[in-house]
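Below, chains carry the letters A, B, ... as their sequence lines are ordered, and counting in each starts from 1.
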Amino acid sequence: MRIATWNVNSVRSRIDRVVGVLERHDLDVLLLQETKCRDDQFPALALEGSGYDYVNHGLNQWNGVGIISRVGIDEVERGFPGMPTYGDPAVAEARALGATCGGVRVWSLYIPNGRELEHDHYRYKLDWLAQLRSVAAGWLADDPKAQIVLAGDWNIAPTDDDVWSVEYYAGRTHTSAPERSAFNGMVDAGFADVVRPHTPGPGVYTYWDYTQLAFPKKRGMRIDFVLGTPALAARVTGASIDREERKGKGASDHAPVIVDLSD
DNA sequence: ATGGTCGTTTTACGA
């Protein structure tokens, strides 16, 4: 089985690239972030007759998470228990979508950006990650053999090797100690980064800003991750980051991250 | 080649 995660940055504007990624990598499951559409706006026509089913969780033009699968989409969950809210009035944003696909419990996650270290959104980000850790640790405690994937745009660069410039990100979000602790907390809870062993850094990124020629200048960050429980990690035979997908007109600012699982 | 932002409910905001 082959699973990928991709912050697509609008599924409507990039549906042709989505279909291309599904075909080129022969994917069984694709987890999408920033679909940026309500469920009724999802470009379903493009998947008709393809053998793929989909589910989207989107409330408006912001955020939005989706799952495309040809191995089933069962037991769909929108958000996770106790997921923190944001704004006034407080809203449970469309940032987490769970489903069982081909026997694996997958979660498409779009972790809050944080914006600035002193911003309310940063506190929201840390609270969101703390609650995710608590809930996910509970799932694993309930079933130590569970095959669970927590994948998506984590908006955290866990190590200095994961950013093009440590100096540039000093004092900004994505590399702060509390954010890195939150990410490491997921790992400590039993969810390993299953991609890094197959794509060692430094200089291996999944995101490049649209501005300032960041991509050709190799100024990126590794912020998109696939984390897996021990039983899931034991099935991983390979992984890759599709840097080619970042090239050309109409690219997302993120690259797909792909994981191969043994049968 | 990979080329000086992009996407949205667009002239503001989030990333």
Side-chain angles (χ1 to χ4, degrees), chain A residues 5-21 24 31-43 46 56-66 84-96 108-126 128-129 151-157 162-165 168-169 171-176 179 183 199 203-225 240-257:
Chain A
T5 186
W6 188 21
N7 181 322
V8 70
N9 187 16
S10 170
V11 71
R12 285 178 291 171
S13 71
R14 242 175 292 290
I15 185 60
D16 290 348
R17 278 185 178 256
V18 170
V19 172
V21 165
R24 187 164 69 256
L31 308 177
L32 296 170
Q33 298 85 41
E34 283 208 85
T35 55
K36 290 187 169 177
C37 67
R38 297 187 311 268
D39 299 356
D40 63 285
Q41 295 174 309
F42 194 94
N56 183 69
H57 174 39
L59 304 173
N60 48 42
Q61 73 272 42
W62 305 120
N63 313 307
V65 277
T85 57
Y86 185 74
D88 185 16
V91 172
E93 298 183 310
R95 295 180 176 275
S108 180
L109 303 171
Y110 179 45
I111 281 70
N113 173 286
R115 300 185 186 168
E116 296 165 17
L117 296 179
E118 305 305 320
H119 201 288
D120 282 349
H121 211 261
Y122 179 75
R123 174 46 54 189
Y124 171 50
K125 179 181 195 174
L126 295 177
W128 203 96
L129 285 161
D153 177 359
W154 292 77
N155 271 316
I156 299 169
D162 301 328
V163 293
W164 67 273
S165 166
Y168 178 83
Y169 287 102
R172 301 173 190 254
T173 60
H174 292 60
T175 62
S176 72
E179 289 167 285
F183 185 88
T199 59
V204 173
Y205 308 129
T206 64
Y207 161 86
W208 299 261
D209 196 285
Y210 279 128
T211 68
Q212 301 296 118
L213 289 173
F215 183 60
K217 291 182 176 177
K218 304 186 189 305
R219 294 179 174 177
M221 311 175 81
R222 193 202 296 242
I223 57 175
D224 299 88
F225 297 97
S240 62
I241 297 163
D242 183 8
R243 219 180 143 274
E244 295 298 308
E245 183 54 45
R246 182 62 179 81
K247 298 179 181 178
K249 185 176 171 63
S252 169
D253 42 1
H254 295 251
V257 179

Closest to the A/S10 side chain, choosing from B/dT9, B/dT2, B/dT8
B/dT8
Mapping A/P216 and A/L59 onto DNA chain B by nearest heavy atom, which one lands closer to the 5' end?
A/P216
Under 4.0 Å between a side-chain N/O of A/Q212 and OP1 or OP2 of B/dT5, yes or no?
yes
Listed by chain and number, what are the salt bridge (charged side-chain N to carboxylate O under 4.0 Å, His left out) partners of A/D162, not counting sequence neighbours?
A/R196, A/R222
With P as the reference atom in both, quote the distance from B/dT5 to B/dT10 in angstrom, rounded to an integer.
23 Å
What integer distance in Å separates A/R38:CZ from B/dT8:P?
13 Å
Between C1' on B/dT8 and CD on A/Q61, what's the gap in Å once rounded to a whole number?
6 Å
Using whole Å, report how far CD of A/Q41 lies from P of B/dG7.
16 Å
Value rounded to 0.5 Å, distance of NE2 in A/H254 from CG in A/D224:
5.5 Å
Least distance between heavy atoms, A/V21 atom then A/P256 atom:
CG2-CG, 4.2 Å
Would you name the heavy atoms of A/T85 and A/A92 that are closest together and state the gap between them?
CG2-N, 3.7 Å
If the test is side-chain hydrogen bond (donor to acceptor under 3.5 Å, both in side chains), which one of A/Y124, A/Y86, A/Y110 qualifies with A/E93?
A/Y124
Once you round to the nearest 0.5 Å, how far does NZ of A/K247 lie from CH2 of A/W208?
10.0 Å
When every nucleotide of nucleotides 10-15 of chain B is labelled 5' to 3' by its protein contacts under 4.0 Å (heavy atoms), B for base, S for sugar-phosphate only, - for none, what sequence of letters results?
---BSS
Charged N to carboxylate O below 4.0 Å: is that the case for A/R24 and A/E244?
no
For A/W208 and B/dG4, what is the distance between atoms CH2 and P respectively, to the nearest whole Å?
17 Å
Looking only at atom C1', what distance separates B/dT9 and B/dG4, rounded to whole Å?
29 Å
Could you state the CD-C1' distance from A/Q33 to B/dT8, rounded to the nearest angstrom?
18 Å
Length of the line joining A/R12:CZ and B/dG7:P, which is rounded to integer Å:
12 Å
